[in-house]
2 protein chains.
Amino acid sequence: MTVTLADVAARAQVSPATVSRVLNGNYPVAASTRERVLKAVDELDYVLNGPASALAAATSDLVGILVNDIADPFFGIMASAIQSEIGGPGGRAGGERLAVVCNTGGSPERELTYLTLLQRQRAAAVVLTGGVVEDAAHRAAMDARLRKLTEAGTRVVLCGRPPAPDTGAVALAFDNRGGAQELTEHLIGLGHRRIGYIAGPEGQTTTRHRLEGHRAGLAAHGVEADPRWVVHGRYDRQSGYEAALELLRRDASLTAVVAANDSVALGVCAAMRDSGLAIPGDVSVAGFDDLPFSVDAVPALTTVRVPLAEAGARAGRIAMGREEAPPGGIALVRGELMVRGSSGVPRG
Amino acid sequence: MTVTLADVAARAQVSPATVSRVLNGNYPVAASTRERVLKAVDELDYVLNGPASALAAATSDLVGILVNDIADPFFGIMASAIQSEIGGPGGRAGGERLAVVCNTGGSPERELTYLTLLQRQRAAAVVLTGGVVEDAAHRAAMDARLRKLTEAGTRVVLCGRPPAPDTGAVALAFDNRGGAQELTEHLIGLGHRRIGYIAGPEGQTTTRHRLEGHRAGLAAHGVEADPRWVVHGRYDRQSGYEAALELLRRDASLTAVVAANDSVALGVCAAMRDSGLAIPGDVSVAGFDDLPFSVDAVPALTTVRVPLAEAGARAGRIAMGREEAPPGGIALVRGELMVRGSSGVPRG
DNA sequence: TTGAAAGCGATACCAA
DNA sequence: TTGGTATCGCTTTCAA
């Protein structure tokens with residue numbers, strides 16, 4: 001029915017072993033035989049059986065990418081960067097690896113389940129992106145799974161989350177604290193003194209680190225830090241919308257708002273518009289290099305550029321083993337934060 | 001070394017066949033034995049070998065999703081919708097399927113290569129999204145590949161591209177013409193008469209259909225259609241930026257611009273800002289339900305809602321065989337267009 | 001309801 | 001440089 005390696009071998013009048021060698025190209029084969037084999041492959045329109053070869057070779061050409069939600073442009077860019085790095089068709093590496101994108105939705109259980117599924121597939125590598133819930137039990141479970149993976153020969157990269165010592169996973173951390181602090185100081189530099197902050201979900205690493213950075217920024221300049229000026233929410237637009245209204249309800253005299261990520265910031269914009277709060281012409285936005293819409297869709301802006309896609313790309317490189325783990329196992333990369341500050345605005 | 005099914009069988013004191021049955025759950029097994037097996041699985045921390053089982057069963061639990069670029073929010077949303085539909089962990093289906101996301105970058109060759117790679121993996125289903133190059137040779141090659149796939153038992157869905165008769169693939173078409181016409185008429189309804197149009201890459205189905213719809217809209221209302229008011233570009237932000245400038249260079253008296261998709265429209269916004277063209281307060285934007293940023297990031301807008309994610313979800317459903325192909329093999333869904341019109345604006 | 005055993009289709013080691 | 005072949009780990013008849 002379907003064409004197998006043996007069929008090709010028969011047609012080319014060689015052994016299956018030889019065909020395999022030609023196909024994998026990692027073994028010396030006479031030019032003439034190679035010719036014949038390739039011709040047979042072509043004539044029979046032969047397609048290798050992935051599972052069979054993965055079974056025999058004990059490794060597949062699948063690379064897992066865990067993201068919070070692939071519909072979020074942030075993770076889309078990460079996934080895209082990693083993909084071009086691992087080199088499927090069109091990738092610079094020229095390999096033939098396929099990217100398995102897994103939406104965890106931030107759920108610890110799903111995260112674990114996906115890791116098991118990827119282990120089941122004997123994935124060549126797994127890249128975990130974004131923050132993680134700070135929970136001892138979950139962390140232990142994760143570490144166990146990660147260790148299993150690396151022991152089974154899968155390369156594991158933590159991209160934007162804390163290192164996991166003794167698991168064999170390589171970590172590529174983002175400097176969430178530093179990024180947050182820098183951005184808050186940017187607003188302070190613009191003259192703001194009453195700055196609201198919309199944080200991510202409580203209990204997540206990124207949430208905590210960014211908030212710490214924000215506070216550090218305020219402290220460094222002796223700026224007031226009213227606890228009522230901090231609201232927690234999810235990392236999405238709707239949450240940003242609601243949080244912005246809540247902030248203004250608590251204190252309408254705020255002159256700037258820091259949103260924990262771009263999607264949240266867009267929600268803030270929407271809230272200000274819908275609630276009849278004018279968006280001033282001299283609004284200032286500080287965001288990523290990589291989420292162009294956040295920067296370009298709002299007029300009259302100021303940008304603090306924060307390279308990020310490069311982090312994803314680098315993670316891919318590490319996943320594929322083309323780069324060693326950086327000294328200490330960690331590389332610091334600029335964070336993934338966005339600040340939205342409006343001069344002299346909103347008063348409800 | 002690694003735990004196998006046999007190990008579990010030994011520990012549970014049953015045959016491998018029984019363990020397999022328990023794990024797959026599609027076969028009657030005594031409750032007591034099942035207990036023992038599951039206990040053994042747990043104790044040994046056994047993880048099924050995917051490739052082995054795929055080889056034996058001649059099918060995998062991988063679902064391929066071909067997109068232009070996963071970094072584009074449009075495709076991110078599509079991929080996300082399809083994923084939740086095919087039911088990995090957390091999906092409603094509760095299955096254990098993994099999504100393989102493939103970035104084609106619009107390249108016909110990559111498209112073909114990826115299809116081969118997915119065939120190699122014995123993918124359970126493949127969903128192709130977005131438009132396709134209108135080229136006889138490529139079409140023939142694609143059809144051949146698609147036929148191979150369906151013959152091998154892979155379910156194939158064309159989502160947003162023309163049907164491919166006799167390939168066994170199910171098509172879920174977007175009404176690009178209708179959507180474009182509707183949106184252009186929306187602008188006409190707002191009083192615009194000098195409307196620019198930024199089209200996608202020449203030679204693609206979506207490009208042609210949308211442009212046709214736009215022209216039909218103009219014609220239906222006797223509105224002028226100056227050929228100079230149409231510029232072609234890529235479906236990305238930068239292209240929109242350049243095209244907008246080009247349009248205004250050609251004719252600064254335009255009062256509205258239709259962009260062939262959201263990313264392009266964002267580029268238009270940026271161009272207007274950078275070139276010092278004021279963005280009026282009463283700008284009107286018509287876009288998707290699903291790309292919130294395009295709608296929310298621009299103040300004072302009017303929206304024409306065009307459902308789209310539902311198409312992706314439906315594609316997933318069809319891919320998984322939970323829904324039959326609609327009558328005639330085609331379902332029409334609202335298009336994926338965005339209009340950006342500005343009243344009484346830009347003059348350079 | 002359970003077991004025995006024959007594949008599934010490549011890979012890679014050992015010879016030649 | 002090439003061939004023979006055991007092996008990978010699971011699924012699935014066929015019997016019992």
Side-chain angles (χ1 to χ4, degrees), chain A residues 1-38 40-41 44-62 96 116-117 119-124 152-153, chain B residues 1-38 40-41 44-62 96 116-117 119-124 152-153:
Chain A
M1 180 57 209
T2 69
V3 183
T4 74
L5 213 172
D7 298 332
V8 176
R11 173 141 199 156
Q13 308 203 30
V14 296
S15 76
T18 301
V19 177
S20 175
R21 287 172 188 134
V22 170
L23 261 36
N24 291 305
N26 6 325
Y27 231 80
V29 174
S32 61
T33 23
R34 146 174 290 107
E35 288 292 298
R36 251 183 313 142
V37 170
L38 292 179
V41 166
L44 295 176
D45 207 358
Y46 169 68
V47 175
L48 189 71
N49 183 315
S53 107
L55 171 60
T59 179
S60 75
D61 40 13
L62 298 178
E96 308 216 305
T116 303
L117 254 33
Q119 182 180 345
R120 174 181 297 189
Q121 295 295 335
R122 304 298 187 258
Chain B
M1 183 57 210
T2 69
V3 184
T4 72
L5 213 175
D7 298 330
V8 176
R11 174 142 199 154
Q13 309 203 28
V14 296
S15 76
T18 302
V19 177
S20 173
R21 286 170 187 138
V22 170
L23 262 36
N24 290 307
N26 10 326
Y27 230 79
V29 174
S32 61
T33 23
R34 147 175 288 108
E35 290 291 299
R36 253 183 311 143
V37 170
L38 291 178
V41 166
L44 295 176
D45 207 359
Y46 169 68
V47 175
L48 188 73
N49 184 314
S53 105
L55 171 58
T59 178
S60 75
D61 40 14
L62 298 177
E96 307 215 304
T116 302
L117 253 34
Q119 182 180 344
R120 174 180 298 189
Q121 295 294 336
R122 304 300 187 252

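All of these numbers come straight from a predicted model, not from anything done at the bench. Below, chain A is the first sequence line, B the second, and so on; all start at residue 1. Only heavy atoms go into these numbers, but all of them, side chains included; no hydrogens, no water, no symmetry mates.
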Check your understanding: To the nearest Å, how far apart are A:Arg120 CZ and D:dC8 P?
Key -> 21 Å
**Study point:** Annotated protein contacts, base or backbone, on nucleotides 10-16 of chain C with a non-hydrogen cut-off under 4.0 Å, one of B, S, - each
**Key:** BSBB---
Exercise for review: To the nearest 0.5 Å, tell me how far B:Leu48 CG sits from A:Thr116 OG1.
Suggested key: 11.5 Å
Check your understanding: Would you call B:Asp61 and A:Gln121 a side-chain contact if the rule is heavy atoms closer than 4.5 Å?
Key -> yes
Check your understanding: Starting at CZ of B:Arg36 and ending at P of C:dT1, how long is that distance when rounded to a whole Å?
Key -> 14 Å
Exercise for review: Rounded off to whole Å, could you give me the CD-to-C1' distance for the A:Gln119 and D:dG9 pair?
Suggested key: 15 Å
Review point. To the nearest 0.5 Å, how far apart are CG in B:Leu5 and CG in B:Asn49?
Key: 9.5 Å
**Study point:** Distance, rounded to the nearest Å, where A:Gln121 contributes CD and D:dG9 contributes P
**Key:** 15 Å
Check your understanding: Roughly how far, to the nearest 0.5 Å, is the CG atom of B:Asp45 from the OG1 atom of B:Thr2?
Key -> 12.0 Å
Check your understanding: Can you check whether B:Thr33 has a side-chain N or O nearer than 4.0 Å to OP1 or OP2 of C:dT2?
Key -> yes
Exercise for review: Round to a whole Å and report the spacing from CG of A:Leu55 to C1' of D:dT11.
Suggested key: 12 Å
Point to revise | Rounded interatomic separation in angstrom, taking CZ from B:Arg34 and C1' from C:dT2 | key: 14 Å
Show me the donor-acceptor pairs, under 3.5 Å and distance only, between side chains in residues 15-22 of chain B and residues at least two apart or in other chains.
unit_1	atom_1	unit_2	atom_2	d
B:Ser15	OG	B:Ala17	N	3.4
B:Ser15	OG	B:Thr18	N	3.3
B:Ser15	OG	B:Thr18	OG1	3.2
B:Ser20	OG	B:Asn24	ND2	3.3

Revision key, fill the gap. Between CD of A:Gln13 and P of D:dG3 the distance, given in whole Å, is 10 Å
Check your understanding: Listed by chain and number, what are the salt bridge (charged side-chain N to carboxylate O under 4.0 Å, His left out) partners of A:Arg120, not counting sequence neighbours?
Key -> B:Glu96
